[in-house]
Amino acid sequence: MAVTRDELKTRIGQALGETKADLVIKNTRFLNVVTGETAAGDIAICGDRIVGTYESYDGAEEIDGRGLTVVPGFIDTHVHCESTCVTPMEFDRCVLPRGTTTAICDPHEICNVLGEKGLRYFLDCAEGTVLDLRVQLSSCVPATELETSGARLEAADLLRHKDHPKVLGLAEFMNFPGVFHKVDGVLDKLAAFDGRHIDGHAPLLSGRELNAYLSCGIRNCHETTSAPEAMEKLRKGMQVLIRDGSVSKDVHALAPVIQPETSPFLGFCTDDRNPLDIAEEGHMDHLIRSAIRLGAPLTHVYRAATWSAARGFGLFDRGLVAPGQRADLVLLDDLEECAVNRVIRNGRVVTPEIFAGRPAVSPVGLRSVKLQPVTAEDFAVPARGSVQSVIGVLPGKIITAHLRLEVPARDGKLVADPDRDILKICVFARHGTNQNVGRGFASGFHIREGALASSVGHDSHNICVVGASDEDMAIAVNRLIELQGGFVAVRNGRVVGELALPLAGLMSLEPFETVERHLRRLRASVKEMGCPLAEPFLQLAFLPLPVIPHLKITDRGLVDVDAFALVEA
């Protein structure tokens with residue numbers, strides 16, 4: 001909303017000290033991410049704007065900031081709220097008290113299931129959240145033609161929402177092979193958003209291919225996993241978003257990149273982070289704390305998490321503790337530890353009561369799992385040679401290895417070999433458009449018996465199941481059908497853990513605290529099965545993602561991502 005003349009007069013009067021400010025943080029210090037100094041002085045707020053710093057002010061309401069340090073609100077530059085397993089409204093309630101005052105989301109998980117219906121649901125939620133939830137329009141629905149999604153969004157579909165007040169631009173452009181092959185539908189989307197913000201997704205991209213990708217107006221990348229990769233992207237003008245999610249954890253590798261020269265061109269993001277990790281470690285505060293502990297310069301870490309993040313997305317009204325900026329502030333007990341004491345969003349102190357006035361948004365996609373019940377016979381893999389392509393799971397990474405291993409056969413069919421950590425993995429199309437089943441093998445879960453199944457399978461979100469036993473795999477899939485989505489762990493014919501995610505098969509209808517408790521019990525059950533992975537279900541959820549190297553699986557079969565083709569044998 002545009003500011004009025006009277007509102008400007010009020011701001012000016014409070015900034016001059018002619019009248020009391022609406023809110024003043026007294027006796028405090030604040031980090032100036034421009035100069036790097038920690039300055040003393042009051043912070044005066046009028047409505048949703050900062051109107052005074054470096055001076056003394058009186059306020060109608062005052063906060064004693066003695067012993068606290070104020071920093072700008074944190075910005076999560078790339079997040080899929082669906083991956084928190086809760087609705088956007090619960091995401092709001094979960095992360096805002098931890099200092100995340102702005103989040104830039106890509107709802108392509110729900111869009112791949114429900115199309116525009118899912119997009120409209122997120123836009124409705126974004127208009128009601130207390131934190132500023134910005135929505136990027138999902139560019140890859142489906143992500144590739146090597147999988148079956150529940151919907152398709154073309155350039156014309158996205159353009160209908162281009163001018164929505166919560167929309168910044170086009171979401172992560174994952175189909176970089178489509179760019180290099182000059183696919184018409186891919187180029188149509190890029191052309192439609194020329195001049196607007198376009199998010200990138202370019203794992204391991206370099207050289208001329210990176211040049212070609214950037215020449216289309218793509219501005220950033222959150223898939224960078226090494227310092228040399230980050231530096232090439234920075235040299236070529238690409239903003240690097242340093243990620244730490246529940247599976248992909250890149251802060252350790254990229255902390256050395258955070259320097260005075262580079263920090264204006266960096267940002268932080270979570271991408272995919274569940275409520276259990278947020279409860280145990282934190283959200284953006286965790287990323288900031290981790291980078292500082294790894295030796296990155298404190299001022300430049302906070303700059304990347306605030307001012308640089310805002311500027312990279314054209315949000316010029318936030319990211320500084322300075323007059324004229326939005327009053328999104330975090331009050332810290334300890335600057336180095338990023339220990340959040342309280343949060344101010346839009347000039348209001350965040351308390352549990354602040355969430356009470358939000359509008360209700362009705363859930364969508366409550367019957368999205370359209371797969372019919374399966375039997376153990378549906379998992380059979382005919383034996384066509386003993387040496388097979390096997391997905392190599394890498395702990396803490398969504399990149400996988402393309403292994404060639406000998407897989408045993410029995411009665412003319414390839415079978416799992418738990419003693420050698422070779423498990424069967426299958427993807428079942430669940431959107432009702434076909435009955436595809438992709439079958440293969442994976443290594444890295446170390447499950448000696450049982451199965452894990454998930455309706456969260458990036459990005460088309462078909463049902464993915466991995467296990468040592470066809471019978472247990474069938475039980476897990478059938479339980480997911482009954483739940484209409486979620487996570488299920490089965491051992492010796494019995495369900496030992498589950499989390500229902502009935503909203504599009506991606507999100508719970510429960511509060512985030514309840515989801516956290518379920519995830520905690522589920523994680524313990526899977527650990528008892530011998531799985532050492534910190535987040536086995538989220539690790540499983542990335543195995544059907546055919547835009548991340550090197551070997552993946554979809555409902556159409558194994559995918560050699562480097563060749564961008566199905567594996568024949």
Side-chain angles (χ1 to χ4, degrees), residues 23 25 28-33 38 43 45 48 50 63 65 67-79 81 84 86 88 90-105 129-134 241-245 251 258 266-271 273-275 277-293 296 298-310 313 315 317-322 325-352 354-355 512:
L23 174 65
I25 308 172
T28 194
R29 302 185 309 158
F30 65 92
L31 177 65
N32 189 319
V33 299
T38 302
I43 301 170
I45 297 168
D48 63 358
I50 300 169
I63 295 173
L68 303 176
T69 305
V70 181
V71 296
F74 310 143
I75 300 174
D76 190 341
T77 56
H78 178 76
V79 61
C81 297
T84 63
V86 295
E90 282 301 298
F91 172 80
D92 180 28
R93 203 171 63 82
C94 182
V95 305
L96 179 57
R98 291 171 170 81
T100 304
T101 56
T102 301
I104 298 164
C105 78
T129 54
V130 180
L131 67 76
D132 189 6
L133 184 64
R134 296 301 179 104
L241 309 179
I242 299 173
R243 171 180 58 188
D244 197 282
V251 172
I258 306 172
L266 300 174
F268 287 99
C269 71
T270 60
D271 200 0
R273 192 166 180 81
N274 69 42
D277 286 339
I278 295 171
E280 292 180 344
E281 297 178 337
H283 194 243
M284 295 302 295
D285 55 319
H286 165 67
L287 278 71
I288 293 167
R289 186 162 47 247
S290 298
I292 293 170
R293 287 175 179 173
L298 181 147
T299 297
H300 299 288
V301 172
Y302 278 101
R303 177 186 287 168
T306 58
W307 182 86
S308 303
F313 286 83
L315 299 173
D317 63 346
R318 67 200 71 191
L320 295 174
V321 183
Q325 293 283 292
R326 188 172 296 278
D328 291 352
L329 303 169
V330 184
L331 284 62
L332 301 174
D333 290 314
D334 188 294
L335 191 59
E336 290 193 2
E337 287 298 313
C338 195
V340 177
N341 179 285
R342 74 189 80 175
V343 177
I344 295 173
R345 159 68 186 143
N346 249 0
R348 296 187 296 164
V349 178
V350 174
T351 64
I354 202 171
F355 301 103
F512 74 85

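When a residue number appears, it is its place in the shown sequence, counting from 1. Note that the structure is a prediction, hence the values are computed from the model and not measured.
Across all their heavy atoms, V301 and A296 have their closest contact at CG2-CB, 3.5 Å. Across every non-hydrogen atom of V343 and P97, the tightest pair is CG2-O, 3.6 Å. Scanning all heavy atoms of the two residues, the minimum distance from I25 to G65 falls at CG2-CA, 4.2 Å. Scanning both residues, A103 and V79, for their nearest heavy atoms gives CB-CG1, 4.1 Å. Between G73 and V330, the shortest heavy-atom contact is CA-CG2, 3.8 Å. Across every non-hydrogen atom of M284 and C269, the tightest pair is CE-N, 4.3 Å.
D92 places a side-chain N or O within donor-acceptor distance of the main-chain N or O of L131, the cut-off being under 3.5 Å. The backbone N or O of L331 lies less than 3.5 Å from no partner atom in the side chain of R342, so there is not a single donor-acceptor pair. With hydrogens and angles disregarded, a donor-acceptor distance shorter than 3.5 Å links the side chain of D76 to the backbone of T270. Between the side chain of T299 and the main chain of V33, no donor-acceptor pair closer than 3.5 Å is present. Within the 3.5 Å criterion, the main-chain N or O of T69 finds no donor-acceptor partner in the side chain of R29. The main-chain N or O of F512 is found under 3.5 Å from a side-chain atom of E90 such that the two form a donor-acceptor pair.
For the pair D244/S290, no side-chain contact is recorded, criterion being any heavy-atom separation below 4.5 Å from C-beta on. F268 has its side chain out of reach of I75: every pair of non-hydrogen atoms, C-beta onward, lies at least 4.5 Å apart. Side chains of Y302 and W307 form no contact here, defined as non-hydrogen atoms less than 4.5 Å apart. Between R348 and V130 there is a side-chain heavy-atom pair separated by less than 4.5 Å.
Interatomic distance, CZ of R289 versus CG of L335, reported as 12.0 Å (0.5 Å rounding). Considering OG1 of T306 and CG of D328, their distance stands at 11.5 Å, rounded to 0.5 Å. Residue L298 holds its CG atom at 4.0 Å from CD1 of I292, rounded to the nearest 0.5 Å. For the atom pair I344 CD1 and L329 CG, the distance stands at 5.5 Å (nearest 0.5 Å). Residue R345 holds its CZ atom at 5.0 Å from CG of D132, rounded to the nearest 0.5 Å. Atom CG of L96 is separated from atom OG1 of T102 by 9.5 Å, given to the nearest 0.5 angstrom.
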side-chain contact (heavy atoms from CB on, under 4.5 Å) assessment of V321 paired with L31: CA-CA 8 Å; V321 183; L31 177 65; over 6 Å; no
Can you check side-chain contact (heavy atoms from CB on, under 4.5 Å) on I43 and I50, steps first, answer last? CA-CA 7 Å; I43 301 170; I50 300 169; 4.2 Å; yes
How far apart are the C-alpha atoms of T101 and R326, what are their side-chain angles, what is the distance that settles it, and do they pass the side-chain contact (heavy atoms from CB on, under 4.5 Å) test? CA-CA 11 Å; T101 56; R326 188 172 296 278; over 6 Å; no
Determine whether S308 and L266 satisfy the following criterion, side-chain contact (heavy atoms from CB on, under 4.5 Å), listing intermediate values before the conclusion. CA-CA 6 Å; S308 303; L266 300 174; 5.5 Å; no
Candidate pair E336 and R293, rule salt bridge (charged side-chain N to carboxylate O under 4.0 Å, His left out), full reasoning: CA-CA 8 Å; E336 290 193 2; R293 287 175 179 173; over 6 Å; no
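Taking the six-membered ring where tryptophan is involved, the planes of H283 and F91 are perpendicular, since the angle between them exceeds 60° and thus also 30°.
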